[in-house]
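Chain A is the first sequence line, chain B the second, and so forth, proteins listed ahead of strands; every chain is numbered from 1.
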Amino acid sequence: MDVAIVGIGIHPFGRTPARSGLQQGAYAARLALQDAGVEWRDIQFAFGGSASAGSADALVNELGLTGIPFINVANGCATGGSSLISAYNAIKSGEYDVGMVTGFDKHDRGAFNADPKELGIGEWYGEVGMMMTTQFFAMKIQKYMHDHAISHNTLAKVSEKAFINGSKNPNAWRTEPISVDEIINSTMVNNPLTKFMFCSPAEGGVALILCRADHAKRYTDTPVYLKGATMKSRRFGSFEVFAPSQALQQVDGPTVDASKAAFEMAGVGPKDMDVMQLQDTEVGAEIMHMAENGFCEDGEQEALIQQGATHIGGSMPVNTDGGCLANGEPIGASGLRQVYENVLQLRGQAGDHQVPDDPKLAYTHVYGAPGISAITILQR
Amino acid sequence: MPWSAEAKKRDEIMSNQVPIAEGLFSWPAVKPALLASRCKQCGVAAFPVASSCMACSGQDVEIEELPSRGTLWTWTVQQFMPKKPYRSDETPETFVPYGVGYLELPGGVRVEGRLTENDPQKLQIGMVMDVVFEPYRIEDNGDEVINFFFRPVQ
Ligand SMILES: [Zn+2]
């Protein structure tokens, strides 16, 4: 049974003091229901995630108590992707006809502070100041720049593009373009990454309505089909966040594994993708994820980014809504924002950030601690 | 039991010093070393010591000392003071940026640790570093908490 996305809703990302995270989730859910032309009482199941804004299933208090199974999902930055895969499998199995996937969040300012105990790491690791996702991202791109000749200017160009795209997206948080000079010269956070090269914790909500593909036209004239949806966790030897040590023999990370599986499932390849949303918690991630997802070889990013290939009008548009860099990261909602953006792109409804030439295939990728990746391939 | 000069020296030096975590490195010891577990089934080493093997799921491991010298695999400098669970003697006013990196220890693993050097100009992938054991913070009871650091070889 194929699966279609027939309704989408979003609450603007950034800071909304007047609304709780849950209310932002409900806002997005109502828009998604309206978009699909269904009532909440028609929804047969839901998967949802929120890291800091309460249990996702508390949404029923806002939307109505209809007795459906509502399953909470918690997989760090890959929460949205994990919820979507769970819903995809629920429909694909034939068990359900129509369901909702939702994610929302509301985080405090500043870097996320993780608890070593939750990840089975000794407390000493946090006490000495190594329980920092930002350090991992910095060390990973530091090594990558050394091995594959990526320049500091190219790091900054990724942020520059994110803020340009954000300025075209009415739902983005950061909507002012920032120059390469200003990005490079902003406060150093973790060498080689400066303040404007990182995304920040934020707020927002997204909801999607999924149904069996043969019912899709009942809800919409513009269904978007999930051709591939995969999720992988790390294998022994991959270099991951929150690792007190790593093996001498390095293997491909979960992104490479999940990407290959998704392309195989969808029966298409990286060159077929017209638009892609790749996890960009900081600029290095976007650069490395281009290669890990198969869109270029290691090192080719330097020329591609300098030539503008990843811009909206370029040959391989990446993070057309401004990505995490311009939208901030509400953990529960982030992965679903990518899917929301791709549905807009495939429907031709992305407005100022629309990719030209009627895109047909779109790709999303999320990565989360302590080493998980989820991919979707969408087709109109 | 005969009184050894070595044990006496050890007692004098270490009486007030406690390791940041038990089992992370040999302590007290005349020549402390990081401790790893090595899987008897597949031969892969892990740090810190684990009771099972992440590579092959084996549960038969033995503990060994890791080499004290290796090469820097990658690094960064932490430029702002982390929030809890960070626990040093510093305040936001006295905070000093610190280096963090992975040291590749030949035949063992790549271990993540703090660097004694925090100047980006003096840090380079591939440089040789020693594992050293130094005071990290003072506890309320006066105990000196010892942590491991990686120090560039001069
Ligand atoms: Zn083993």
**Q** With only heavy atoms counted, which part of B/Phe148 is less than 4.5 Å from chain A, the side chain, the backbone, both or neither?
**A** side chain
**Q** B/Thr74 versus A/Lys140: any side-chain heavy-atom pair under 4.5 Å?
**A** no
**Q** Out of curiosity, A/Phe236 CZ to B/Cys53 SG, how far, rounded to the nearest 0.5 Å?
**A**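 A/Phe236 CZ to B/Cys53 SG: 6.0 Å, rounded to 0.5 Å.
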**Q** So do B/Arg137 and A/Glu127 actually touch side chain to side chain, heavy atoms under 4.5 Å?
**A** yes
**Q** If you count heavy atoms of other groups shown closer than 6.0 angstrom to CD of A/Glu123, is the number above 12?
**A**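 No - once you tally the heavy atoms of other residues, nucleotides and ligands closer than 6.0 Å, there are 12 at most.
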**Q** So for atom NZ, which belongs to A/Lys157, do other residues, nucleotides or ligands contribute more than 12 heavy atoms lying within a distance under 6.0 Å?
**A**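 Result for NZ/A/Lys157: enclosed.
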**Q** Please indicate whether A/Lys195 has more than 12 foreign heavy atoms, meaning atoms of other residues, nucleotides or ligands, lying under 6.0 Å from its NZ.
**A** no
**Q** Is B/Val111 in contact with chain A via its backbone, its side chain, both, or neither, using a 4.5 Å heavy-atom distance?
**A** both
**Q** Counting the benzene-type ring for Trp, do B/Tyr136 and A/Trp124 have ring centres under 6.0 Å apart?
**A** no
**Q** Hey, which of A/Ala138, A/Pro244, A/Pro116 has the most heavy atom pairs under 4.5 Å with chain B?
**A**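 Sorted descending by pairs with chain B, the first entry is A/Pro244.
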**Q** Using 0.5 Å steps for rounding, measure from the CE atom of A/Met132 to the NZ atom of B/Lys83.
**A**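 Between atom CE of A/Met132 and atom NZ of B/Lys83 there are 8.5 Å.
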**Q** Would you confirm whether B/Thr76, through its side chain, and A/Asn191, through its main-chain N or O, come within 3.5 Å as a donor-acceptor pair?
**A** yes
**Q** Between A/Glu240 and B/Tyr102, what is the shortest heavy-atom contact and its length?
**A** O-OH, 4.3 Å
**Q** I'd like to know whether CD1 of B/Ile63 has more than 12 heavy-atom contacts from other residues, nucleotides or ligands below 6.0 angstrom.
**A** no
**Q** I'd like to check B/Arg110 versus A/Gln250 (side-chain heavy atoms, cut-off strictly below 4.5 Å). Are they in contact?
**A**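 In contact.
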**Q** Side chain from CB out, backbone as N, CA, C, O: work out which of these in B/Leu105 comes under 4.5 Å of a heavy atom of chain A, or both, or neither.
**A** backbone
**Q** Please examine the side chains of A/Gln135 and B/Val100, heavy atoms only from C-beta on, and report whether any two atoms are closer than 4.5 Å.
**A** yes
**Q** Does B/Glu90 have more than 12 heavy atoms from other residues, nucleotides or ligands lying within 6.0 Å of its CD?
**A** yes
**Q** Identify the two heavy atoms, one from B/Trp75 and one from A/Met139, that lie closest to each other, and give their separation to 0.1 Å.
**A** C-CG, 3.6 Å
**Q** What option among A/Ile121, A/Val189, A/Val128, A/Ile141 has the most heavy-atom pairs under 4.5 Å with chain B?
**A** A/Val128
**Q** Would you indicate whether B/Gln124, at its atom CD, is surrounded by more than 12 heavy atoms from other residues, nucleotides or ligands within a distance under 6.0 Å?
**A**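 Open.
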**Q** I'd like to know whether CE of B/Met127 has more than 12 heavy-atom contacts from other residues, nucleotides or ligands below 6.0 angstrom.
**A** yes
**Q** Could you go step by step and tell me if A/Asn190 and B/Gln78 meet the side chain to side chain contact (heavy atoms under 4.5 Å, CB included) rule?
**A** CA-CA 5 Å; A/Asn190 286 111; B/Gln78 177 66 30; 2.8 Å; yes
**Q** Would you call B/Glu104 and A/Leu248 a side-chain contact if the rule is heavy atoms closer than 4.5 Å?
**A**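 Sidechains of A/Leu248 and B/Glu104: in contact.
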**Q** Of the backbone (N, CA, C, O) and the side chain (C-beta and beyond), which part of A/Phe239 lies under 4.5 Å from a heavy atom of chain B, both, or neither?
**A**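 Answer is side chain: those atoms of A/Phe239 sit under 4.5 Å from chain B.
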**Q** Does the side chain of A/Gln246 reach to within under 4.5 Å of the side chain of B/Glu112, using non-hydrogen atoms?
**A**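 Not in contact.
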